[in-house]
Amino acid sequence: MAVNIIGQSKIIVDSLNRARHIADTNFSVIILGETGSGKELFARYIHEQSARKKGEFIALNIAACNSNLIDSDLFGHEKGAFTGATSRRQGIFERAGGGTVLLDEIGDLSLDLQVKLLRVLENEEFQRVGGNDNLPMKARVLAATNVDLEQNVANGRFREDLCCRFATKLVVPSLRERKDDIPLLVKHIIDNEKHNLGKAYPDWFNEQYRQNLAQMLKDYPYEWPGNIRGLQQVLRALLIEVVHYTDPEKFEKQVSSVMESQCSSGKSSLEGELCRLISNLVRENIINYHLTNMSIRSRINGLLVEAISEGLDLALTLDNFVPRTQKELGEILGIPNLVFSSHPRLPKNDNDFMVKALKNCGYRDKFPKKVNDLIMM
């Protein structure tokens, strides 16, 4: 199925034109954009516009991969290479052949695998895990991320030489930068979602009502932090709660009510930036904590960062968002072994942990005022 990127705004047209120019080359390119903005869609578009379009397009989400098996996912492995390797397996670089590989969330790639990927891009060959033969790298590599790689380079979490191996960047615009495209996106989503609703739209939900709905979504004062994915989520709620369960006379009132409910929980762009920055810190320092000799103090400090990331609304709205005991901290994090640990070592002033966790992020100038107030306590 051909990739269809919806939009007529200048910023999306310019991005599509740039994607077509990129498609004419064989360079490795990195695609930047916020979560839900359509980075993978643009990668597929580049593949389809290129001379490689008859080959495979394979996307791998680095963040979703098992850290112990990602080597095998990328390069494949030989039989007996590790426990459980009962047969030879091809990795995505080999399976893609002369097609295109997308490494999504490349900012989550560990430093040791960054070295291996750099060698692949430089030498255009790789080895299966447990193998000795060099295999030719025929596929084109695209990468995507929603994090600031330059900042990660500055913080030592991403290799500068690997960053430089990507010839150029393609920035996918956020939905708030292209609100004029919302009516077209709404029409597309309404047409595509009808098969998921289990029944036809009511007769009264005609073109005029659909246009009114699209205009209300476009005009609503909302930053759309979830971008197109967030728009789809809100529209699904409207189709379920309003279109099938309201009278036409109450349509606009019900739409306003549902939109207020759905959109009020969205973070501002600044808060979303903080959440993204903390999440990136967590991925680098927490996910593999069990593989390191990290002290219990550092480990709890990092886990608290994760708690703040996932419960950012609490951190921003509650003055007393400070775990008081190890059990309470464990309950917030959902980690039973922390709850029942027999060696509690929380500091006497629990607020210190929150302050240290936030300071360790290194982005004080981007923190909302409430967080900075906490840091200054």
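Computed from a predicted structure; not experimentally measured.
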- For D24, enumerate each residue passing the salt bridge (charged side-chain N to carboxylate O under 4.0 Å, His left out) test, keeping only those at least two apart in sequence or located in another chain.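 For D24 there are no salt bridge (charged side-chain N to carboxylate O under 4.0 Å, His left out) partners, ignoring immediate neighbours.
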Side chains of [X] and [Y] in contact at under 4.5 Å (non-hydrogen atoms):
X: V243; Y: I190; answer: no
X: E56; Y: R95; answer: no
X: F42; Y: L142; answer: no
X: L149; Y: R157; answer: no
X: P183; Y: Q211; answer: no
X: L103; Y: L117; answer: yes
X: V147; Y: D108; answer: no

**Asked** With F57, which residues qualify under ring-ring contact (aromatic ring centres under 6.0 Å, His included), at least two apart?
**Response**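 Listed in chain order: H47.
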For this session: Quick one: list whatever passes side chain to side chain contact (heavy atoms under 4.5 Å, CB included) with I11, sequence neighbours left out.
Result: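 Per chain and number, I11 pairs via side chain to side chain contact (heavy atoms under 4.5 Å, CB included) with S9, P173, E177, R178.
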| task | Show the numbers, then the answer: is there a side-chain hydrogen bond (donor to acceptor under 3.5 Å, both in side chains) between N134 and Q127? | result | CA-CA 5 Å; N134 290 327; Q127 292 181 348; 3.0 Å; yes
Minimum heavy-atom separation for [X] to [Y], with atom names?
X: A96; Y: A139; answer: CB-CB, 3.8 Å
X: I30; Y: I106; answer: CD1-CG2, 4.1 Å
X: G107; Y: T145; answer: N-OG1, 4.0 Å
X: E40; Y: A59; answer: OE2-CB, 3.8 Å
X: D104; Y: K39; answer: OD1-CE, 4.4 Å
X: L41; Y: N4; answer: CD2-O, 4.2 Å

task = Considering only NZ, NE, NH1 and NH2 on the basic side and carboxylate oxygens on the acidic side, decide whether K169 and E150 come within less than 4.0 Å.
result =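 The answer is yes: the pair qualifies as a salt bridge.
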Quiz item: Less than 4.0 Å between a side-chain N and a carboxylate O, is that true for K218 and D180?
Solution: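 Yes, D180 and K218 are salt-bridged.
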Per-pair distances, 0.1 Å, donor-acceptor, side chain in residues 235-242, under 3.5 Å, sequence neighbours excluded:
{"from": "R236", "atom 1": "NE", "to": "E193", "atom 2": "OE1", "distance (Å)": "3.4"}
{"from": "R236", "atom 1": "NE", "to": "E193", "atom 2": "OE2", "distance (Å)": "3.0"}
{"from": "R236", "atom 1": "NH2", "to": "E193", "atom 2": "OE2", "distance (Å)": "3.1"}

Answer yes if the side chains of [X] and [Y] hold a donor-acceptor pair under 3.5 Å, and no otherwise.
X: R20; Y: Y45; answer: yes
X: R140; Y: S50; answer: no
X: R44; Y: T100; answer: no

Practice item. Output, in order, the C-alpha distance, side-chain angles, deciding distance and verdict of salt bridge (charged side-chain N to carboxylate O under 4.0 Å, His left out) for D112 and R159. Key: CA-CA 10 Å; D112 60 328; R159 293 183 61 94; over 6 Å; no
Which class fits the ring pair W204 and Y209: parallel under 30°, tilted 30 to 60°, perpendicular over 60°?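 Because their plane-to-plane angle is over 60°, the rings of W204 and Y209 count as perpendicular.
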**OP:** Let me see the working for L231 and W224 under side-chain contact (heavy atoms from CB on, under 4.5 Å), right down to the final yes or no.
**Re:** CA-CA 7 Å; L231 175 64; W224 297 106; 3.7 Å; yes
I'd like to know whether [atom1] of [X] has more than 12 heavy-atom contacts from other residues, nucleotides or ligands below 6.0 angstrom.
X: K179; atom1: NZ; result: yes
X: D203; atom1: CG; result: no
X: N132; atom1: CG; result: no

*So which residues get pulled into L69's cluster when ILVMFWY side chains under 4.5 Å apart are joined, directly or through others?*
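Result for L69 is F82, V129.
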| task | Just jot down the side chain to side chain donor-acceptor pair (under 3.5 Å) partners of R210, sequence neighbours excluded, or say none. | result |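 Applying side chain to side chain donor-acceptor pair (under 3.5 Å) to R210 gives none.
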